[in-house]
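I have placed the structure first, in the form of structure tokens, so that the comments after it can refer back to it.
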Amino acid sequence: MRTANAWLSLACLLGCTLIAGCSNTPPLAEVRGRVTINGKPIKNVRVDFHPDPDKGTRGIGSSGTTDADGNFTLTYGEGSKPGAIVGHHRVILTDLDVYGNVLVLRGDYRTEDPRGPKETPIRTRFSDLYSTLSKTPFTVEVKAGMEPVAFDIKKK
């Protein structure tokens with residue numbers, strides 16, 4: 001009987017711990033910011049914060065997309081929670097304008113209908129320096145209550 005009670009107590013303790021909120025989500029902080037090219041706002045740029053394991057930050061990244069004024073707000077993981085993991089991050093930028101506005105499932109810039117609209121791939125508005133994780137000059141330490149961050153792309 002004692003063994004059964006011990007197992008029952010252990011099961012209740014584990015159940016209560018799980019219900020109480022054993023969450024796998026690390027501490028997050030709100031991150032807002034602005035992206036510019038030579039000081040002018042740029043829209044339709046994806047901003048990705050990647051935790052930097054070299055500086056002790058691990059986990060899932062966060063992302064956001066700039067609006068017409070170059071402003072963005074990050075969401076964690078699949079976009080269900082606002083913010084980014086507290087700690088050091090490498091930041092990459094992706095120019096979403098290169099993908100255009102014609103949905104092409106084959107990825108070859110042709111439409112399914114040969115008579116339909118055609119779209120020519122365009123060049124990115126900035127260097128791949130900013131979109132390559134190993135090359136990016138942008139790093140940020142995410143902290144609770146931090147001010148908005150600013151990323152100015154230098155284009156010659």
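Nothing fancy with the numbering, it's 1 onward along the sequence.
With a 4.5 Å cut-off on side-chain heavy atoms, L93 and S131 do not count as touching. The shortest side-chain heavy-atom distance between P82 and L28 does not fall under the 4.5 Å cut-off. Using a 4.5 Å heavy-atom cutoff, the side chains of N71 and R32 are not in contact. Contact check for M146 versus V31: side-chain heavy atoms found under the 4.5 Å cut-off. Looking at D67 and F72, their side chains never come closer than 4.5 Å, going by heavy atoms from C-beta outward.
Formation of a donor-acceptor pair under 3.5 Å by the T66 side chain with backbone atoms of N44 is found in this model. Listed for the N38 side chain is a donor-acceptor partner under 3.5 Å among the backbone atoms of K155. The main-chain N or O of V91 is found under 3.5 Å from a side-chain atom of T136 such that the two form a donor-acceptor pair. Not one N or O on the side chain of T94 forms a donor-acceptor pair closer than 3.5 Å with the backbone of L96.
Here D69 pairs with nothing under the salt bridge (Lys or Arg N to Asp or Glu O under 4.0 Å) rule; sequence neighbours left out. Remark: R125 engages D95, D97 in a salt bridge (Lys or Arg N to Asp or Glu O under 4.0 Å) (not counting sequence neighbours). Partners of F138 according to the ring-ring contact (aromatic ring centres under 6.0 Å, His included) rule, which considers only residues two or more places apart in sequence or in another chain, are Y130, F151.
Once rounded to the nearest 0.5 Å, the distance linking NZ of K43 with OG1 of T65 reads 12.5 Å. In this structure, I42 CD1 and I153 CD1 are separated by 5.0 Å, a value rounded to the nearest 0.5 Å. Considering NE2 of H50 and CG of L133, their distance stands at 5.5 Å, rounded to 0.5 Å.
Exactly one of D54, D48, T57 qualifies for a side chain to side chain donor-acceptor pair (under 3.5 Å) with R90. That residue is D54.
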